[in-house]
Amino acid sequence: MADRVRVRFAPSPTGEPHIGNIRSAIFDWLFARHNGGDFIIRIEDTDQARKVDGAVELMLESLKWLGLDWDEGPDVGGDYGPYYQSERLVHYREAARTLLAGGNAYHCFCSPERLSELRKQQQQDGSDVTGYDGKCSSLSEGEAQSRIASGETGVIRFRMPDEGATVGHDTIHGTVSFENRLTDDFVIIKSDGFPTYHLASVVDDHLMEISHVTRAIEWLSSLPRHLQLYKALDWDPPEFAHLPLVLATDRTKLAKRHGATSVLEFREMGMLPSAMLNYLTLLGWSLDDKTEIFSSEELIEHFSLERVSKSDAVFDIEKLNWMNGVHIRDSSPDDLANALSSYWNQYPAAEFLSPPDRDFALKVIPLVHARMKTLTDAAPLLPFFFQDKIEYDSEQLVQKGMDLDGTRVVLNAASEGLTTLDPFDTDSIENMLRPLAKDLDVKVGQLLGALRIATTGLKVSPPIFETIEALGREQTVKSIQDAIDRL
RNA sequence: GGCGCGUUCGUCUAGCGGCCUAGGACGCCACCCUUUCAAGGUGGAGAUCACGGGUUCGAAUCCCGUACGCGCUACCA
């Protein structure tokens, strides 16, 4: 087997793509791309009962949004397909036959009732050995076949060694060792003919020539099973890396009740895919003691499994918000305009009559660029662009330390100045207005404050010179005249 | 119960025996900048490195134990 790096992301289609799963996918992808290897998606749908329609599509859409691409998978196919485990049953049966023939597996006809009775008994006894007791272990294959022929159904179990220890290696955790006597003869083929995760993943990882298996930490306890399976099948095991979990603030597993848990929800919240990728990667991985803003190219360049942390991490939306703001500020006006207009198109903002186009986005970016943490933050900063008549209480026009007449004078002067100003851009607006305040003997803040209310209706608005330019001469003067009328 | 994994500021983390009276970041506070708000800049509060024993001239770093958390102990993944 070539030592090409091939990693797989193997979600089971049981619901919405969870942040934790996605983070695993990100690590897989980064590792594959860093090593110039293959990134493969395989759907683990061996549990027919828990299957959810549409889950696969949602999963793929999430990955695509984040900018991950895959070389083989359910939608694109590949040389090692099919990529749905439910379509690979022949391979698992073949492996089971091999195991049966080699005496490494046996048929078991114990009823679920006996099994649960057994469990109960073991619990009562406080025995350290739990799990299946090996009752059917000595059944001969001939006997088993005749029971099957007579209509009995059962499962196939793997014969774990009773003695010694299984020692494995994990890239993140180092050497791990397990006593064999504590692991029971686990089921590899269920009575419905489907394989369990243990068999299916081992068979597929081998057949698909997966070089590195990365998966959540909860699988670490199953490592001895998998290692013994590889051994019995006479296959070389891949390298393993068990990843830490993503937790909620209360240190429990991130769940629906904690708020947003799927990437698509974060897209709706106005997160940039690059920020999401950056943040999720840093949740469990670090380069050094200071670098934390990475582009996806930089992540690929630096990522390594060795630097993944051993302990679970709490998902902190505050830090994500900050990081998203950084990515927004790092975006070019062009890229941001694309992001904003398509965001507004997909998730219409209440402030706008209809989704603004890209030109509008480009025009207002100077006003909002440094003021956003998420894409949702832009629209509330800009409602005045879509109001026929700017909305505000007229007494707000009168700034602190000013009176009605003074305000009128100031507004009139500004209106006149703006009517003839040429060119009508931020610099000349500023160069006209500042001296004007001085001439009128009012504070700059008083003049601009009055103009701010008149043109935007907001006490807190984007910078006023830029705003006036974006609004344009006509609308600005109209709003100021309207303000004078309302005084 | 047994087994496995984990444990550094509230949070994400750096640290792989002396550079640590523990560094960075988010958040928080203050100040500066300033047309409001942001952004930016500067500074501050915040961790007896879970606890207890060792080893060593020297330990956040190595070893042992304890506690706590999580996982496995399914014909779920």
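Lettering follows sequence order; numbering is per chain, from 1. Side chains are part of it too, since the values below use all heavy atoms of this structure and drop only hydrogens, waters and symmetry mates.
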>> If you take any heavy atom closer than 4.0 Å to RNA chain B, which residues from residues 243-250 of chain A end up in contact?
In response: none
>> Near RNA chain B, counting only heavy atoms under 4.0 Å, which residues of residues 168-177 of chain A show up?
In response: A:His173, A:Val176, A:Ser177
> Can you list every pair that meets side chain to side chain donor-acceptor pair (under 3.5 Å) and has a residue in residues 272-284 of chain A, with sequence neighbours left out?
Replying inline: A:Ser274-A:His327, A:Asn278-A:His327
>> Under 4.0 Å, heavy atoms only, any strand: does A:Leu220 hit a base, just the sugar-phosphate, or nothing?
In response: sugar-phosphate
>> What does the B/S/- profile of nucleotides 18-33 of chain B look like, 5' to 3', with a 4.0 Å heavy-atom cutoff to protein?
In response: -----BSBSS------
>> Using a 4.0 Å heavy-atom cut-off, does A:Gly131 contact any base of the nucleic acid, only the sugar-phosphate backbone, or nothing at all?
In response: sugar-phosphate
> Can you list every pair that meets salt bridge (Lys or Arg N to Asp or Glu O under 4.0 Å) and has a residue in residues 239-251 of chain A, with sequence neighbours left out?
Replying inline: A:Asp250-A:Arg257
> Excluding sequence neighbours, so at least two apart, what forms salt bridge (charged side-chain N to carboxylate O under 4.0 Å, His left out) with A:Arg371?
Replying inline: none
> If you look only at pairs with a residue in residues 167-188 of chain A, which of them pass as a salt bridge (Lys or Arg N to Asp or Glu O under 4.0 Å), with sequence neighbours excluded?
Replying inline: A:Asp128-A:Arg181, A:Glu179-A:Arg181, A:Asp184-A:Arg225
>> Give me each pair satisfying salt bridge (Lys or Arg N to Asp or Glu O under 4.0 Å) with a member in residues 105-121 of chain A, each pair once, sequence neighbours excluded.
In response: A:Arg114-A:Asp133
> Taking only residues two or more places apart in sequence or in another chain, which ones pass ring pair (Phe, Tyr, Trp, His ring centres under 6.0 Å) with A:Phe240?
Replying inline: none
> A:Phe384 CZ to B:C37 P: how many Å, rounded?
Replying inline: 16 Å
> For residues 303-330 of chain A, which residue pairs qualify under salt bridge (Lys or Arg N to Asp or Glu O under 4.0 Å), counting only residues two or more places apart or in two chains?
Replying inline: A:Glu292-A:Lys319
Please enumerate all protein N or O atoms sitting under 3.5 Å from an N or O of nucleotides 45-49 of chain B, with distances to 0.1 Å.
none

>> Mind checking if A:Ser461 touches a base, just sugar-phosphate, or nothing, with heavy atoms under 4.0 Å?
In response: base
>> Please list, in numerical order, the residues of residues 424-437 of chain A that have a heavy atom closer than 4.0 Å to any atom of RNA chain B.
In response: A:Arg434
> Which value, in whole Å, describes the distance between the C1' atoms of nucleotides B:U7 and B:A50?
Replying inline: 6 Å
>> Under 4.0 Å, heavy atoms only, any strand: does A:Ser201 hit a base, just the sugar-phosphate, or nothing?
In response: nothing
